[in-house]
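Take a look at the structure set out below.
Just so it is clear: chains get the letters A, B, ... in the order the sequence lines come, proteins before strands, and each one is counted from 1. All values derive from a computational prediction rather than experimental measurement.
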Amino acid sequence: MQMDPQELLSLCKRRGFLWPAYDIYGGAGGLYDYGPLGAALKLNIENHWRALYVRGEGFQEIQCPIIAPEPVFKASGHVDAFSDMYVECTSCGETYRADHLAKGLHDNPATLNEEQLGKLLRDNDVRCELCKGELTAPKRFNLMFKTSIGAGKGKTAYLRPETAQGMFVNFSQVYRYGREKLPVGAVQIGRAFRNEISPRQGLIRLREFNQMEAELFVHPDQKTWPKFRDVEGVAIPLLPNSGDARTMTLGEAFRSKIISNEVLAYFIWLTYRFATDIGLDPKRLRFRQHEKNEMAHYAIDCWDLEAEIVYGWTELVGVADRGSYDVQAHIKHSEADLTAFERFDEPKEVEQEAVKPKYEALGPMFKGKAKAVGEALGKLPPASARGKDKVEVTVGGERLTVPSSCFEIMVRKEKVSGRKLVPHVIEPSYGLDRILYSVLDHAYRKKDDYITLGLKGLVAPIKVGVFPLMAKDGLDAIAGEVFDSVSAAGLEAYYDDSGSIGRRYARMDEIGTPCCVTVDYDTKSDGTVTVRDRDSAEQVRIQKSLVANAVSALISGSPLKSISALR
RNA sequence: GCGGCUGUAGUCUAGCGGUUAGGACUGGAGCUUCCCAAGCUUCAAACUCGGGUUCAAAUCCCGGCAGCCGCACCA
């Protein structure tokens, strides 16, 4: 792309899409303000995403706190693994990535902890590459923002580095709200934080950013999706980790095992549809499959939606099958029962062996302890008691020997109506800021220094500009009425009576407003106004009372010609 | 975090030891029957911050901060 990244950023700053945050204090890297147009564009993108995921697919939208206590990220692995390790030279102060120095000394240095890595470096007498000085022990730089909850030392907490964990820890609530059925999904739109070493490229890598994440909890053996039938014929540009880039139908990709399951394939389609709906250029989109070694070790399959923008191919969305890893991790650390219950078609009769205490024998032998001993016996695995003439149990810290006359092995029949299972998670994770930037990037057009943002009506912050040709002779009053009628219809309108008419059209073109309505001298005699289409600059005349309907039709994609039929 | 380059109105820029710091665009107020950044009048608006050198610094030097590019990183 030959476009200068500065051009678009400068437009964004000039017209109120984006401002560098805290500018009057010198700014802060990786933090941006959304101006009025940026905030509106962001909201429009969010709302379309909601329309697809919440209204379209029935996901539950929830909102979780941004701050979370440390154990949450202990469980997720972020406290230990979401960090880089550094060593410093004790004489010249140069810093190195510790795991990089260990390359060649170990198969996968990234998996080592500080002590192991420190030992590895010491044992191999690794020194400063510049001055041969001694190195400090490895230190961690965790990419999470640390804080604390409460007064004094408080309780260690972090700003979330992704919105996902809030949904994993709420699995049981979501499952219950969804009437205890799989699949069930939750979504969350919100802020996340990463203390990036080096934020770059405008909105592409921020320290505080916005995510739209969906977590779909599915049965591990039933990764199917009924609506997949409707979309399997759709061709999507794919870049698999084996073989060349190709455009193929999702059905074909699924059947040839390029995409590992139907659910994943469906959400790849939904992501593609979302992207094209909000105006990303299909010719500059592709789905890239993660390389085997690029994928998290637990992930089953992962596809990124990438857009080609001024900075090159950039990841906007990750659609991953994460298996049961996340839920499993929270089960282990919290000891909560984050499982779904799978009901069998028919309850099964299961024969189960158990140790049954004989209280008539226990009583005389153990007196007051007999009850506790009986309970301990009942918990013994049957195999450990079978055929033995005595067993040992521990009651109140005391080891007791119990003869076989005090118990028997019973076969118990139980009705089992289902089983517990840990759901697998399909995670479509959208980087909202990157998506917003890409929408602007793909919409940016420049011809002889005349800039037009070709934003789709669906996402355009302002839907229509309303102008009097001249701000006098009563034209301004009529234009004011038209403005009010359009606003009352729920459409974002912008009134402008300053400067020449051409300048006003240009202002609207530059912020991506799809159409403009102008009140002129003819309006006074016949009540018609002109409606101008941004992309063709063509105009039609319609009755001023029909403006709101016409604008609604235009922004949902009707051609300008069809508008004149409203006359 | 490392290396290179760069910081002048909202934006793009001129100035490279002594300037009332210049222009263009944008923006505001007005004039003009004004439909594609037209014209005219008029107004507003800037030297990234701190230290140093010098009689004198936007300009030279050092440092901070910020940006861009490359390296590294990207769960």
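- In this structure, CZ of A/Arg504 is placed 12 Å from P of B/G27, rounded to the nearest angstrom.
- With hydrogens and angles ignored, no donor-acceptor pair closer than 3.5 Å exists between the side chain of A/Arg503 and the base of B/C36.
- Within residues 494-502 of chain A, the residues having any heavy atom closer than 4.0 Å to RNA chain B are, in order of number, A/Ser498, A/Gly499, A/Ser500, A/Ile501, A/Gly502.
- Put simply, A/Tyr505 does not rest on the base of B/C35: the two rings are not both less than 5.5 Å apart at their centres and under 30° in tilt.
- Using a 4.0 Å heavy-atom cutoff across all strands shown, A/Asp520 reaches at least one base atom of the nucleic acid.
- The CZ-C1' distance, from A/Arg207 to B/G67, rounds to 13 Å in whole Å.
- Residue A/Lys146 places its NZ atom among 12 or fewer non-hydrogen atoms of other residues, nucleotides or ligands, all under 6.0 Å distant.
- Using N1 to N3 plus N6-O4 or O6-N4 for Watson-Crick, or N1-O2 and O6-N3 for G-U wobble, each under 3.5 Å, B/U54 pairs with nothing.
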Polar-atom pairs under 3.5 Å, protein N or O versus N or O of nucleotides 10-14 of chain B: list them with distances, or write none.
residue : atom : partner : partner atom : Å
B/U11   : OP1  : A/Lys13 : NZ           : 2.6
B/U11   : O3'  : A/Ser10 : OG           : 3.4
B/U11   : O2'  : A/Ser10 : OG           : 3.4

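- The existence of a salt bridge linking A/Lys561 and A/Asp533 is excluded, since no basic side-chain nitrogen approaches an acidic carboxylate oxygen closer than 4.0 Å.
- One N or O on the side chain of A/Asp301 and one on the backbone of A/Ser260 form a donor-acceptor pair closer than 3.5 Å.
- For A/Ala245, the side chain to side chain contact (heavy atoms under 4.5 Å, CB included) partners are A/Leu239, not counting sequence neighbours.
- Base pairing of B/G30 is made with B/C40, judged by Watson-Crick or G-U wobble geometry with both donor-acceptor distances under 3.5 Å.
- A/Lys42 pairs by the side chain to side chain donor-acceptor pair (under 3.5 Å) definition with A/Glu46, not counting sequence neighbours.
- Nearest heavy-atom pair across A/Lys544 and A/Val482 is CB-CG2, 4.2 Å.
- Taking a cutoff of 4.0 Å between a charged side-chain nitrogen and a carboxylate oxygen, A/Glu306 and A/Arg286 qualify as a salt bridge.
- Nearest heavy atom pair, residue A/Ser76 against residue A/His330, reads N-CE1, 4.4 Å.
- Both distances falling under 3.5 Å, in either a Watson-Crick or a G-U wobble arrangement, occur for no nucleotide opposite B/A45.
- Between the side chain of A/Arg434 and the main chain of A/Glu315, a donor-acceptor pair closer than 3.5 Å is present.
- Less than 4.0 Å separates RNA chain B from at least one heavy atom of each of the following residues of residues 466-475 of chain A: A/Leu469, A/Met470, A/Lys472.
- At a threshold of 4.0 angstrom between heavy atoms, the contacts of A/Pro20 with the nucleic acid are absent.
- Separating the CD atom of A/Glu510 from the P atom of B/C25 is a distance of 15 Å, rounded to the nearest angstrom.
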Determine, stepwise, if the pair A/Tyr158 / A/Glu70 fulfils side-chain hydrogen bond (donor to acceptor under 3.5 Å, both in side chains). CA-CA 6 Å; A/Tyr158 298 91; A/Glu70 183 164 46; 3.1 Å; yes

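- Smallest separation of non-hydrogen atoms from A/Pro468 and A/Asp497: CG-CB, 3.6 Å.
- Checking B/C35, B/C74, B/A37 against every side-chain atom of A/Arg205, the shortest atom distance belongs to B/C74.
- Residue order along RNA chain B, read from the 5' end via each residue's closest nucleotide, puts A/Ala506 first among A/Tyr32 and A/Ala506.
- B/C35 is unpaired under the criterion used here, namely a Watson-Crick or G-U wobble arrangement in which both key atom distances are under 3.5 Å.
- The pairing partner recorded for B/G1 is B/C71, the criterion being a Watson-Crick or G-U wobble arrangement whose two distances lie under 3.5 angstrom.
- Atoms CD1 (A/Ile451) and P (B/C25) sit 15 Å apart, rounded to a whole Å.
- Note on residues 507-522 of chain A: pairs passing side chain to side chain donor-acceptor pair (under 3.5 Å), not counting sequence neighbours, are A/Arg14-A/Glu510, A/Arg15-A/Glu510, A/Tyr450-A/Asp509, A/Asp473-A/Tyr521, A/Asp496-A/Arg507, A/Ser498-A/Arg507, A/Tyr505-A/Thr518, A/Asp509-A/Arg532, A/Asp520-A/Thr523, A/Asp520-A/Arg541.
- The partner of B/U19, taking Watson-Crick or G-U wobble pairs whose two distances both stay under 3.5 Å, does not exist in any strand shown.
- When rounded to the nearest whole Å, the span between CG of A/Leu453 and C1' of B/A37 equals 15 Å.
- Heavy atoms only, all atoms of each residue included: A/Tyr495 and A/Gly480 are closest at CE1-N, 4.0 Å.
- Distance CZ (A/Arg288) to P (B/C74): 13 Å, rounded to an integer number of Å.
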